[in-house]
Amino acid sequence: MFPKYDVIVVGAGHAGCEAAVAAANMGSKVLLVTMNMNTIAQMSCNPAMGGVAKGQIVREIDALGGYSGIVTDHTMIQFRLLNKSKGPAMWSPRAQSDRMLFAAKWREMLEAHPNIDFWQEMVTGIIVKDKVARGVYTSLGLEIESESVILTNGTFLNGIIHIGEKKFGGGRAGEKAATGITAQLESLGFEAGRMKTGTPPRVDGRSLDWDRMELQPGDENPGKFSYTDTPKLTKQRPCHISYTNAKVHEILKTGFDRSPLFNGRIRGLGPRYCPSIEDKIERFSDKDRHQLFVEPEGWNTVEIYVNGFSSSLPEEVQYKAMQLIPGFENAKMFRPGYAIEYDFFQPTQLQPNLETRLVKNLFFAGQINGTTGYEEAGSQGLVAGINAHLAIREEEPFILKRSEAYIGVLIDDLVNKGTKEPYRMFTSRAEYRILLRQDNSDLRLTPVVHKIGMNFLEDRMERVALKEEKIKEIEQFVRELSVSPDQLNTYLESRKSAPLKQKLKLDRVLSRPFIDLESIRLHLSELDEYLSRQDPEFVTSAEIGMKYEGYIRKEQEMVEKMNRLESVKLHTDFNYKDLKALSAEAREKLTELKPMTIGQASRISGVSPSDISILLVHLGR
């Protein structure tokens, strides 16, 4: 009935979709198995992509040949570049998406791929022979063979939904949980745990008083995520902002005794950085209000997502409290918020290519690894898909360094440190964030993935070469253009910057705080004429390169030092227990995690700098 596949991907959420596409684009024959073909790429929580650090990840996925950025550009209803008041390392693109169009576009792109087949059924176990994944078992009793398997089960593994004192099995509202896989993996020696996440109520936009809320429009000149020729957003839907208040909090507190979060019925740890409204009230008792983002679900629906009001309290308590929020006095609820508890596997059980340590050619990606968010999931799926293809061909694994991508930071953190709560990416987690900007993801990553065999990126490589060339041209023009005091002093004074005393090259002026090319060009016709002929994206990258040249150079020097440690390889069968000079904790952690390099060993929790020095001495370094 089935051919033997190269890769079987279990689950068609964001991780599964990117995994299937990545493996297929590398040339593998892929089977994507999902319990429901109608919920492929479903936005289970908020109808948005990107945000702080997450937007950088979406651009990196796109630069690596993934589809998340393309799908978002085709289906977004609003775009904002966050943190523009801060330095460019912090700029983060974010888009509101049309939830239904997003899933439909993903399915359309998946179905258009000749290397991807589909099967709708629950996977109940993995075929494992001699500690190698060889396919999957299904609930119908089928055995589907493959060379490798990628598990991207999201919140479905033994999922339990909680609303007040009610609980029922499910992986998402209206969908059943997946069973069988956890028990099998535990029997093979894997360590499983429980995590919790939640979602807010959905309400009828026709019942809201929009005039009582703050308007939050999109950017005047909206950007996009993909480096390909995707459509530009020409019209946008606004979001709105409202706030809870003391009365809302009092009503919510009346349900705390029935909250599964507080009465011990939920054992899994919830996300620290996206807590439920009851968790916020409990943890931040000094605050008398919390911000809510009121987000439309699409172009042609009245359904509204109340971002910031995630809850597992009884539905009548949620409803009563909601009607005390400004603008929500007459709100009609489509469905209450709920919490969901599910199985995950500690990611320290993975190698840096996301292959499990216990079973060869078995890969994990997404929430099964303890992460949260579409973007984190999609990026892991992409890396797992590429590596599944490489593993069955016994080629070198594809591993991104911390200095190369936020995706590298994410996976390095997971496999070396593990996580005790749903992991979320932030710019602060990346020590080289000046290098890992959203504007240069294509320059950083497209050549890397093209080199390992994603040959359909030829057009993109041409664009990367063009971008590099144009950036150099723009930089040269700015560095050679002289400006005089009479041209710029009025402008400089308006920016509270010291006036010029003599002619200077423009790049010297640009290096000053609060000075930028966009405002300078209004005072220099020669510059304005030149920039009007250039792609704004190339101008932005050139400007950042010149303005932050010193900082960029310093970070590159730090990377070069760190790369020296990354180049010192460690054998996976290295006997750390015999190296008595190491601390007991270091011996234990290094034996368990088997790092591939000294650099990776240095980032393992419990391995100190002195332990690294001992290893280097032992290796003759």
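All residue numbers in this chain count up from 1 along the given sequence. What you see is a predicted model; the values in this text were computed from it and never measured.
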key: Modelled atom types, side-chain donor and acceptor of Gln291 and Tyr243, under 3.5 Å   = yes

message = Testing the 3.5 Å rule here: is there a donor-acceptor pair between the side chains of Gln56 and Ser92?
response = yes

key: Non-hydrogen side-chain atoms of Pro200 and Tyr305 separated by less than 4.5 Å   = yes

request  = State, without any angle test, whether Asp413 and Tyr423 hold a side-chain donor-acceptor pair at a distance under 3.5 Å.
outcome  = yes

task = Using distance alone, with no hydrogens and no angle criterion, decide if Gln380 and Asn369 have a side-chain donor and acceptor under 3.5 Å apart.
result = yes

request  = Answer whether the closest heavy-atom distance between the side chains of Gln236 and Pro217 falls below 4.5 Å.
outcome  = no

Non-hydrogen side-chain atoms of Phe79 and Asp73 separated by less than 4.5 Å = no

inquiry  = Can you confirm whether the side chains of Ser68 and Glu375 place a donor and an acceptor under 3.5 Å from each other?
reply    = no

inquiry  = When you compare the side chains of Glu278 and Ser312, does any donor N or O come within less than 3.5 Å of an acceptor on the partner?
reply    = yes

task = Examine the side chains of His74 and Thr230 and answer whether a donor and an acceptor come within less than 3.5 Å of each other.
result = no

query = Please walk me through it: do Phe190 and Phe364 pass ring-ring contact (aromatic ring centres under 6.0 Å, His included)?
reply = CA-CA 12 Å; Phe190 286 89; Phe364 292 174; 5.7 Å; yes

request  = Decide whether Arg172 and Ser44 meet the rule of one side-chain donor and one side-chain acceptor closer than 3.5 Å.
outcome  = yes

Ring-face cation contact, Trp91 with Lys84, 6.0 Å cut, 45° max = yes

ask   = What do you reckon, is NZ of Lys167 surrounded by more than 12 foreign heavy atoms closer than 6.0 Å?
value = no

request  = Answer with yes or no whether the side chains of Ser441 and Glu60 bring together a donor and an acceptor at under 3.5 Å.
outcome  = no

ask   = Counting heavy atoms not belonging to Tyr551, are there more than 12 under 6.0 Å from its OH?
value = no

query = Is Tyr67 close to Trp106 at the side-chain level, that is, under 4.5 Å between some pair of heavy atoms?
reply = yes

task = Answer yes if the side chains of Thr75 and Asp98 hold a donor-acceptor pair under 3.5 Å, and no otherwise.
result = no

Donor-acceptor pair between Thr540 and Asp439 side chains, under 3.5 angstrom = no

inquiry  = Checking the side chain of Asn307 only, and the main-chain atoms of Glu295 only, is there a donor and an acceptor separated by less than 3.5 Å?
reply    = no

